[in-house]
*Asks:* 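A single structure is presented below for examination.
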Amino acid sequence: MAAPQDDMFSLCVEPGKVSSAVEVRFIDNIKGKGLFAKRAIRKGDTILIERPLISSQFLWNALYKYKACEYCLRSLETAEENARRLSGVPGLSLPHPELCRVRSELHQACPQCQVKYCSAECRKAAQEQYHRILCLGSSQEDPDHPINKLQDAWRSVHYPPETSSIMLMAKMVAVVKQAQEKGRWQRLFSQFCSRSANEEEEIAHKLLGEEFQGQLTLLRSLFKTALYDDHLNQWFTPEGFRSLFSLVGTNGQGIGTSSLSQWVHACDALELPGHQREQLDTFIDQLYKDIEKETGDFLNCEGSGLFLLQSSCNHSCIPNAEVTFPDNNFLLHLNALSDISAGEEVCISYLDCCQRDRSRHSRHKILRENYLFVCSCAKCVSQMDEADVTSDEEDEGEAEGETEDEMTDV
């Protein structure tokens, strides 16, 4: 039984945040459902703001000292602390420190395991939703604890750049185990597409192939040891685990938070005399050069989440909407990139900007392997007569020795 749409909106959409602008509709057996405009939406409008059912920081990201709230992924470092670590300049001072919105005095830790939260509200929410099951207490640093062994195994097969986390699956189990209304949460999670193959197009998820069976078997064994529950027996069977794995891989929406980025945006909004503006812009430009030299491209606290409404958005290589996280936490903003008419489908891109510029063949390869469909958007249809060749960027990536025995993309 599917969860009622009203339940989806009341649970996920922030109160008063234009949920009346869109609705979920069933399209067909191939595309499934989609998100459609109920009224005209103008370019630049915020279509909706959504909370995830669950979210989790990436495991390598956390190991590399990117400090985020365990519940909402808000960056816990001040902008200045963030800039010092990323640039490798311990004595760096940022101008206009008052623009940093991180409030360290509000931060709290779980008294048992010392996991950090940005506020008492987040600590309470995590405790009530899943943390009683996942709290390791004094075993937080014990490498032999079943959950730590599960996380270590995941890190050993899924290296940066990260795109998902085994802890999303763990939190799904923990939420149901803690919930009084277990059936309701199971129905909500069932709203996400969890197929591991597309029989119509003869496509299988690239990480569920024969070459990964040993790794999947190990992860399932550790997952079962750490979290098994009779109510969720189907999630721990070989096929159930594959479906759960596919669910977080195809539906998990990446989340990025950064106190430094928020500070930079606040600086951009300052009204300053010309010479002060020039000085500030020069400082920020040099800071990003220092960060690129010291840290590279990994600037944010990064994780992923399961968003019911966002997951209803289908892909287009020429999207009319995009996802952003401007609040430095897990709140997803869906914004219109162009005018959207009443009744028109709201589409996002599952590809990043660089991937969207690749050839039709390259785009289709990524979408087939990771999302199990063949794109038929207007751009792809218009390029149907192009030769089936990969883009130069993809050829270069393969030439650099991308291996196929690691789960580098989920």
Side-chain angles (χ1 to χ4, degrees), residues 1-9 11-12 19 21-38 47-48 50 53 164 168-169 172 183-209 234-235 237-253 306-321 323 334 340-351 360-361 363-384 388 410:
M1 176 180 175
Q5 183 164 301
D6 287 346
D7 191 26
M8 293 168 59
F9 276 96
L11 183 68
C12 297
S19 59
V22 289
E23 63 182 357
V24 178
R25 297 181 193 168
F26 178 76
I27 301 174
D28 55 43
N29 290 327
I30 297 175
K31 293 189 73 173
K33 58 190 176 183
L35 197 68
F36 290 82
K38 293 171 64 177
I47 300 169
L48 60 83
E50 183 179 9
L53 291 181
S164 190
L168 271 184
M169 297 164 62
M172 289 175 68
R184 177 171 179 260
W185 279 97
Q186 287 176 279
R187 289 193 296 272
L188 285 168
F189 287 132
S190 74
Q191 296 297 294
F192 295 99
C193 175
S194 60
R195 62 180 179 175
S196 56
N198 180 341
E199 290 79 8
E200 293 87 355
E201 298 288 349
E202 298 184 349
I203 305 170
H205 197 288
K206 72 175 186 179
L207 297 180
L208 297 175
Q234 75 277 12
W235 285 357
T237 65
E239 187 54 41
F241 185 76
R242 286 165 61 90
S243 293
L244 204 59
F245 193 88
S246 183
L247 185 155
V248 299
T250 56
N251 294 279
Q253 166 64 50
L306 295 177
F307 297 83
L308 270 177
L309 295 176
Q310 175 273 337
S311 72
S312 300
C313 289
N314 286 310
H315 164 83
S316 172
C317 297
I318 42 174
N320 57 13
V323 166
L334 185 64
I340 303 173
S341 303
E344 184 179 350
E345 185 175 6
V346 177
C347 292
I348 59 176
S349 176
Y350 298 172
L351 307 174
R360 176 179 178 269
H361 180 73
R363 298 196 307 274
H364 278 207
K365 182 174 185 290
I366 297 169
L367 293 168
R368 284 170 61 92
E369 291 180 343
N370 293 285
Y371 300 102
L372 309 179
F373 71 90
V374 177
C375 183
S376 58
C377 72
K379 181 176 181 179
C380 287
V381 170
S382 70
Q383 297 174 342
M384 284 183 66
D388 284 344
V410 177

*Asks:* Can you name the nearest heavy-atom pair linking Phe36 to Gly343, along with the distance?
*Replies:*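 In terms of heavy atoms, the two residues are closest at CD2-O, 3.5 Å.
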*Asks:* Any donor-acceptor pair under 3.5 Å linking the side chain of Ser246 with the backbone of Arg242?
*Replies:*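 Not confirmed, Ser246 side chain does not pair with Arg242 backbone.
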*Asks:* On a heavy-atom basis, which atom in His315 and which in Cys375 lie closest, and how many Å separate them?
*Replies:*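 Of all heavy-atom pairs spanning His315 and Cys375, the closest is CD2-SG, 3.6 Å.
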*Asks:* Using a 3.5 Å distance criterion without hydrogens, assess whether the side chain of Ser341 forms a donor-acceptor pair with backbone atoms of Glu344.
*Replies:*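 A pair under 3.5 Å: no.
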*Asks:* Decide yes or no for Gln383 and His361: does some side-chain heavy atom of the first lie under 4.5 Å from some side-chain heavy atom of the second?
*Replies:*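 With C-beta onward as the side chain, the pair stays apart.
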*Asks:* Any chance you could measure Ser164, atom OG, to Asn251, atom CG, to the nearest 0.5 Å?
*Replies:*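 Ser164 OG to Asn251 CG: 10.0 Å, rounded to 0.5 Å.
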*Asks:* At their closest point, which heavy atom of Phe26 faces which heavy atom of Asn29, and how far apart are they?
*Replies:*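 Looking at all heavy atoms of both residues, the shortest contact is CZ-OD1, 3.4 Å.
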*Asks:* With side chain to side chain contact (heavy atoms under 4.5 Å, CB included) as the criterion, how do Met172 and Trp235 come out once you've worked through the C-alpha distance, each side chain's angles and the decisive distance to 0.1 Å?
*Replies:* CA-CA 10 Å; Met172 289 175 68; Trp235 285 357; 4.0 Å; yes
*Asks:* Give a yes or no answer on whether the side chain of Ser190 reaches the backbone of Arg187 with a donor-acceptor pair at less than 3.5 Å.
*Replies:*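 Yes; at least one donor-acceptor contact below 3.5 Å.
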*Asks:* Supply the atom-to-atom distance Cys377 SG to Asn314 CG, rounded to the nearest 0.5 angstrom.
*Replies:*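 So the SG of Cys377 and the CG of Asn314 are separated by 11.5 Å.
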*Asks:* Without hydrogens or angle criteria, can the side chains of Gln310 and Gln253 be said to hold a donor-acceptor pair below 3.5 Å?
*Replies:*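 Present: a donor and an acceptor within the cut-off.
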*Asks:* With rounding to the nearest 0.5 angstrom, report the OG to CZ distance, Ser312 to Arg25.
*Replies:*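 Separation between the atoms: 12.5 Å.
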*Asks:* Tell me the closest heavy-atom pair linking Asn320 and Glu345, and the distance in Å.
*Replies:*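 Minimum heavy-atom contact is ND2-O, 2.9 Å.
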*Asks:* What I'd like to find out is whether the side chain of Leu35 reaches to under 4.5 Å of the side chain of Leu48, using heavy atoms alone.
*Replies:*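 Yes. Closest side-chain heavy atoms under 4.5 Å.
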*Asks:* Are the charged groups of Glu23 and Lys33 less than 4.0 angstrom apart, N to O?
*Replies:*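 The answer is no: the pair does not qualify as a salt bridge.
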*Asks:* When you look at Val22 and Lys38, which way does the side chain to side chain contact (heavy atoms under 4.5 Å, CB included) test go after all the steps?
*Replies:* CA-CA 5 Å; Val22 289; Lys38 293 171 64 177; 5.5 Å; no
*Asks:* To the nearest 0.5 Å, what is the distance between CG on Leu334 and CG on Leu309?
*Replies:*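 Those atoms lie 9.5 Å apart.
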*Asks:* Quick check: closest heavy atoms across Ile340 and Ala37, and the distance to 0.1 Å?
*Replies:*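 Looking at all heavy atoms of both residues, the closest pair is CG2-CB, 3.9 Å.
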*Asks:* Students often mix this up, so state it plainly: with edges at 30° and 60°, are the rings of Tyr350 and Tyr371 parallel, tilted or perpendicular?
*Replies:*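 Tyr350 vs Tyr371 ring planes: tilted.
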*Asks:* Might you point out which heavy atoms bring Ala21 and Ile47 nearest each other, and give the distance in Å?
*Replies:*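 So the minimum-distance heavy-atom pair works out to CB-O, 4.0 Å.
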*Asks:* Show the numbers, then the answer: is there a side chain to side chain contact (heavy atoms under 4.5 Å, CB included) between Phe241 and Met169?
*Replies:* CA-CA 9 Å; Phe241 185 76; Met169 297 164 62; 3.3 Å; yes
*Asks:* Could you measure the distance from the CG atom of Leu308 to the CZ atom of Phe189? Nearest 0.5 Å is fine.
*Replies:*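 Going from the CG atom of Leu308 to the CZ atom of Phe189 covers 8.5 Å.
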*Asks:* Using the side chain to side chain contact (heavy atoms under 4.5 Å, CB included) rule, take Leu53 and Phe307 through it: C-alpha gap first, then chi angles, then the decisive distance, then the call.
*Replies:* CA-CA 6 Å; Leu53 291 181; Phe307 297 83; over 6 Å; no
*Asks:* Measure the CZ-NZ distance between Arg360 and Lys379 for me, rounded to the nearest 0.5 Å.
*Replies:*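 Between Arg360 CZ and Lys379 NZ, I get 12.0 Å after rounding to 0.5 Å.
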